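All remarks here apply to the structure that follows.
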Amino acid sequence: MKRYNPSEIEPKWQAVWEDKHVNDVVIDTNKQKLYIAGMFPYPSAAGMHTGHAFSYSIVDAIARFHRQHGRNVLNPMGWDTFGLPAENYAIKTGTAPAVITAENIANFKKQFKRMGVSIDWSREINTSDPEYYRWTQWVFTKLFERGLAYQKESLQWWCPVDKTVLANEQVEGGHCWRCGTLVEKKSMQQWFFKITDYADALLDEIPDLDWPQKIKTAQTNWIGKSLGAEVEFKVDGRDDVITVFTTRPDTLFGATFVVLAPEHALARELAVGDYAERVNEYVKTAVKKSEIERMNDTKEKTGVFTGSYAINPANGAKMPIWIADYVLIGYGAGAIMAVPAHDERDFAFAEKFDLPVVEVIDKPETGDERVYSGEGNLVNSGVFDGQSTSDAREEIVAWLEQEGTGRAKTSYKMRDWLISRQRYWGAPIPIIHCPEHGAVAVPEDQLPVVLPEVKDFAPKGDGKSALASVDEWVNTTCPTCGGPAKRETDTMDGYACSSWYLLRYADPANSQQAWDPKIANYWAPVDYYVGGDHAVAHLLYVRFWTHVFNDMGLTEFKEPVKKLVYHGYINAEDGTKMSKSKGNVIDPLDVIDQGYGADALRTYLLFMGPVELDAAWDSRGIAGVYRFLNRIWVLAQEYQDSAKDFTNNDAAVRRAQHKAVRKVTDDINRLSFNTAISTLMEYTNELYKLKVDGFSSGVWLEALQVMMQLIAPFAPHLSEELNNQLGVNELVQNLPWPVWDDSLIVEQTMTVIVQVNGKLRAKLDVARDITEADVKALALANDHVASFIGNKKPTKVIYVPGRLVSIVV
RNA sequence: GCGCGGAUGGUGGAAUUUGGUAGACACGAGAGACUUAAAAUCUCUUGGCCUCACGGUCGUGCGGGUUCAAGUCCCGCUCUGCGCACCA
């Protein structure tokens, strides 16, 4: 008998698949298309980790399952190669990022093949390939044309170690996401994408997305839409007007002071007399402090009075104007009307600085909190007294609009997407600065703007990338007037590159356009997108760009991803995150090499638990899965070596088979891989029990071939090898997925349970077509059941067909 | 603080759709078979308590409720993971 040896059969079938290009696909309108993609990896020097292995095991199980259903399955792969690790390595060693990137890609690709992932390698893309970023730049110029890419001087997060600007989501708890350094604020000219123009469009589609609720909620919160009003407050004795944003215009009569953010344009101007110096001082320190530091300052309110007053348009009250850093310049109007009676923060501030508190909502009796922020009826609100807060919100806004001192207004927490990076290793922003014409987009026929070769990759710390020191590259001519001009030296955020790659996969070799809309519309949108990271950033940006492409007529759809499969993390055996420093990292390739093979690794990763849950690696767990695969192997060998002359177990074998087909099909369809695999274990265990009665040629052969079909999404090499050993010359993925026949699963008898007062008292084996009257009689006649009824008379006897008889006494 | 999840044996988890036999499957543990021995493999047992056994009884984080019947539905808590966090 041959032994199960993954290190022999896995390379063998990987070579067959590769030689025959079995996963390369072209448009075929006779087949149903299915586009699946895992989030493409950053090819790090460390190679694949277990998280990658898990992610792509999910992708491959789904891809193979659908391929076996005869669908035209697109499963591409590419490389997200721009980024800091390669650049930092270059700075340290002088090796060009492109060189080390190529090595890492080669390693990753080899690892993907050793995992047996069924990828169409003819579509491989690489974001740092000029043929790819040419079109990333092209998209930039289109956004620029449409006013969706613009420059703005702004205070930005700045990492003093990486010497680059960081986006909000690259700052984690006040520290750089890459190097952990405390970030600072710096004012610079930056490029932005105007994602805020699409806030409503992006928000509107969220309910219809077949995505996990937590991701949808995270995106909704990130966009942070609030309905409210703008209210204008005249400054007493001056021409200035302060505009504030509030979600509670109903509390206008309770506004007792106004607070401006330190960065507010009027902050210093309104400081009068003796107050000027203190305001100046406060503003200076507040601006210098990072927002994070402000937050960590235990939320203790700080602020200074300007000496100026505003007039409440509702009641003419004089309201002192304060400057405080709890008001953020980036949200709303950068100024608020403070209603201390009904807002916690305003109350804390009023308490600290002894400012007046005026209640304008009649609190419910039960409310004993000092600050009531709920609903109720208005008091102290002039003509609006007695109105409910919800009515008053509309009425007061209407009144303000009539008076010309306010209007309904919607605010968003989301800010525009900062894409400038002062780094070398990114796609150059395709802009030329002309003294005459300002910022001019590089024309399409001059793309790509290729990254020049340099020797020193380090930014100089002057806020510019290493590109700025390549004079012959920087100095160019203006596309509009031909006069001397300079290239933009910032590169794009890597998220720009990954915001359209799913479309490029559809048409990866197109040298005339980013993609042919006809081809993209056949494959995309993505049916399944698999990943376990980027809840907001990438998944929001890719939606944003696709909405824009739809507006440009480049796609027929707005949303790039139909179903998002968001999986958990694989942790170390102790349940903590794997990390090099703790030395608890499991290398998936090591696991394969130890002799378990890729099939056991993949099957184990999917067997650990539901895909969306985090799981802890267990070295004994993978041994168990290996045992299971080995049992399938041994069974197939025993079948082949046997005389095949007994047939008395055929019906049972057939029933086990059809039951397994039904359950595995259902389970994979709902992405419940762990239960699909457990079903296959049960099926195997059942066949082991049945084999003691001997094998028959027809039914057993089919049962085993079906086993190979069902296990193929998880353990494709074992499946292919045994399928072949069982005499089938066709590859498993070209065979139809097995179907089940319910009539073969149904047994002649069924088990009906009997409950007395809700407690299980007996199990009855009855004929499937038994009548309700018969089964009830049988239940009542059962001795054990009768002993619990005693001489009482049942008040109720309920029969749930096929399940139970419930007797109430 | 706000939002979204989760809590089931010694462990990971199952009980999908529509409330209907809680603990599938696997790991671990225990026993046995094979072996000079070990490994591997195979078979059996394995939620707690009571019982020789048949069986009984308790049991899905806690407290209530609805129902013939609740892990599942409702109300109120506790703990925990994650996301956002002075967003007016």
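By convention in this document, chain letters (A, B, ...) are assigned in the order of the sequence lines, proteins followed by strands, and residues within each chain are numbered from 1. Treat the numbers as computed from the prediction; the structure is a model and nothing was measured.
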Given RNA chain B, 5'-ward residue of the pair A:Gly621 and A:Gly330, judged by closest heavy atom: A:Gly621

message: Please report the distance separating the P of B:C49 from the corresponding atom of B:U11, rounded so that it comes out in whole Å.
response: 15 Å

- prompt: In terms of side-chain geometry, is the basic nitrogen of A:Arg248 or A:Asp343 positioned less than 4.0 Å from the acidic oxygen of its partner?
  reply: no

- prompt: How long is the line joining CZ of A:Arg803 and P of B:C68, in whole Å?
  reply: 19 Å

task: Answer yes or no: is there an ion pair linking A:Glu375 with A:Arg393, defined by an N-O contact shorter than 4.0 Å?
output: yes

field: Assigned glycosidic conformation for B:G9 [threshold 90° from 0]
entry: syn

Short side-chain N/O contact from A:Lys214 to OP1 or OP2 of B:G83, under 4.0 Å: no

- request: Run the ring-centre check on A:Tyr596 versus A:Tyr604 and record whether the distance is less than 6.0 Å.
  value: no

Proximity to the side chain of A:Gln213 - top-ranked nucleotide from B:G56, B:C4, B:G13: B:C4

- prompt: When you measure from the side chain of A:Arg627, which nucleotide among B:U57, B:C27, B:A88 comes out closest?
  reply: B:C27

- request: For B:U46, give its Watson-Crick or G-U wobble partner with both distances under 3.5 Å, or none.
  value: B:G28

- prompt: Using 4.0 Å as the upper bound for N to carboxylate O, is an ion pair formed by A:Asp742 and A:Arg662?
  reply: yes

query: Base, sugar-phosphate, or nothing: which does A:Phe607 touch, judged by heavy atoms less than 4.0 Å apart?
result: base

task: Using the P atoms only, state how far B:C74 lies from B:G19, rounded to an integer number of Å.
output: 11 Å

task: Tell me which nucleotide among B:U21, B:C68, B:C4 gets nearest to the side chain of A:Thr751.
output: B:U21

query: In whole Å, what separates the C1' atom of B:G47 from that of B:G28?
result: 15 Å

query: To the side chain of A:Arg670, which of B:A24, B:G56, B:U16 is closest?
result: B:U16

query: Taking the side chain of A:Asp618 as heavy atoms from C-beta outward, which of B:C27, B:C25, B:G3 is closest to it?
result: B:C27

task: Could you tell me whether A:Phe349 and A:Tyr326 have their ring centroids closer than 6.0 angstrom?
output: yes

field: Rounded distance (Å) that lies between atom P of B:C68 and atom CD1 of A:Ile789
entry: 17 Å

message: Work out how far the P atom of B:C62 is from that of B:A7, and round it to whole angstrom.
response: 13 Å

- request: Report yes if a side-chain nitrogen or oxygen of A:Arg761 is closer than 4.0 Å to either non-bridging phosphate oxygen (OP1 or OP2) of B:U57; otherwise report no.
  value: yes

query: What residue among A:Ile807, A:Asn757, A:Asn782 forms side-chain contact (heavy atoms from CB on, under 4.5 Å) with A:Ile789?
result: A:Ile807

field: Proximity to the side chain of A:Thr217 - top-ranked nucleotide from B:G28, B:A24, B:C4
entry: B:C4

message: So if I take every side-chain heavy atom of A:Tyr326 and compare against B:C86, B:C25, B:C68, which nucleotide ends up nearest?
response: B:C86

task: Rounded off to whole Å, could you give me the CD1-to-P distance for the A:Ile570 and B:G12 pair?
output: 15 Å

- request: Starting from P on B:C84, measure out to CZ on A:Arg415 and report it in whole angstrom.
  value: 14 Å

- request: May I ask you to evaluate whether A:Asn669 reaches the phosphate of B:U17, defined as a side-chain N or O under 4.0 Å from OP1 or OP2?
  value: no

- prompt: NA contact type, A:Thr795, heavy-atom cut-off 4.0 Å: base, sugar-phosphate, or nothing?
  reply: nothing

field: Distance, C1' atom - from B:G9 to B:A22, rounded to whole angstrom
entry: 11 Å

- request: Would you tell me if any nitrogen or oxygen in the side chain of A:Asn674 comes within less than 4.0 Å of OP1 or OP2 on B:A14?
  value: yes

task: Starting at atom CZ of A:Phe673, determine the distance to atom C1' of B:C25, rounded to an integer number of angstrom.
output: 17 Å

query: Could A:Glu300 and A:Lys352 be called an ion pair, given the rule that one side-chain N must be under 4.0 Å from one carboxylate O?
result: yes

task: Take the protein atom CG of A:Leu613 and the nucleotide atom P of B:G6, then report the distance between them rounded to whole Å.
output: 9 Å

- prompt: Taking the side chain of A:Asn685 as its heavy atoms from C-beta onward, which of B:G5, B:A14, B:A26 lies nearest to it?
  reply: B:A26

Nucleotide B:U16, atom P - distance to NZ of A:Lys663 in whole Å: 9 Å

message: For a quick check of understanding: with a heavy-atom distance under 4.0 Å over all strands, which category does A:Phe788 fall into, base, sugar-phosphate or nothing?
response: sugar-phosphate

query: Any salt bridge between A:Arg407 and A:Glu232, counting N to O under 4.0 Å?
result: yes

- prompt: Quick one: does A:Lys216 reach the base of B:C4 with a side-chain donor-acceptor pair under 3.5 Å?
  reply: no

field: Rounded C1' spacing from B:C77 to B:U57 in Å
entry: 29 Å

query: Taking OP1 and OP2 of B:C58, is either one under 4.0 Å from a side-chain nitrogen or oxygen of A:Lys759?
result: yes

field: A:Ile622 CD1 - B:C27 C1' separation (whole Å)
entry: 13 Å

task: Under 4.0 Å between any heavy atoms, over every strand shown, what does A:Gly332 touch: base, sugar-phosphate, or nothing? Just pick one.
output: nothing

Whole-Å C1' distance, B:A15 and B:G23: 8 Å

- prompt: In terms of the nearest nucleotide of RNA chain B, which residue is placed more toward the 5' end: A:His784 or A:Met681?
  reply: A:Met681

message: Under 4.0 Å from OP1 or OP2 of B:G13: is there any side-chain N or O of A:Ser678 that close?
response: no

query: Would the A:Tyr495 and A:Trp417 ring centres measure less than 6.0 Å apart?
result: no

- prompt: So does A:His342 get a side-chain nitrogen or oxygen closer than 4.0 Å to the phosphate oxygens (OP1/OP2) of B:A88?
  reply: no

query: A:Leu260 pairs by side-chain contact (heavy atoms from CB on, under 4.5 Å) with which of A:Val244, A:Ile336, A:Val327, A:Ile321?
result: A:Ile321

Among B:A88, B:A69, B:G3, the nucleotide that comes nearest once only the side chain of A:Asn221 is considered: B:G3

- prompt: With both distances under 3.5 Å as the test, what is the Watson-Crick or G-U wobble partner of B:U36?
  reply: none

- request: Return the nearest nucleotide to the side chain of A:Leu328; candidates are B:A15, B:A88, B:G20.
  value: B:A88

query: Within the structure shown, what part of the strands sits under 4.0 Å from A:Ser806 by heavy-atom distance: base, sugar-phosphate, or nothing?
result: base

Watson-Crick or G-U wobble partner of B:U17, both distances under 3.5 Å: none

- request: Taking atom C1' in both B:C82 and B:A29, compute the distance separating them and give it to the nearest angstrom.
  value: 34 Å

- prompt: At under 4.0 Å between heavy atoms, what does A:Pro212 touch on the DNA or RNA strands: base, sugar-phosphate, or nothing?
  reply: nothing

query: Less than 3.5 Å between a donor and an acceptor, one on the side chain of A:Glu344 and one on the base of B:G1, is that the case here?
result: no

- prompt: What is the nucleic acid contact for A:Gln755, judged by heavy atoms within less than 4.0 Å: base, sugar-phosphate only, or nothing?
  reply: base

message: With a cut-off of less than 4.0 Å, is there a side-chain N or O of A:Tyr331 near OP1 or OP2 of B:A88?
response: yes

task: Name the nucleic acid region contacted by A:Leu680, choosing base, sugar-phosphate or nothing; use a 4.0 angstrom heavy-atom cut-off, strictly under.
output: nothing

- request: Please check the phosphate of B:U41 (OP1 and OP2 only) for any side-chain N or O of A:Arg631 closer than 4.0 Å.
  value: no

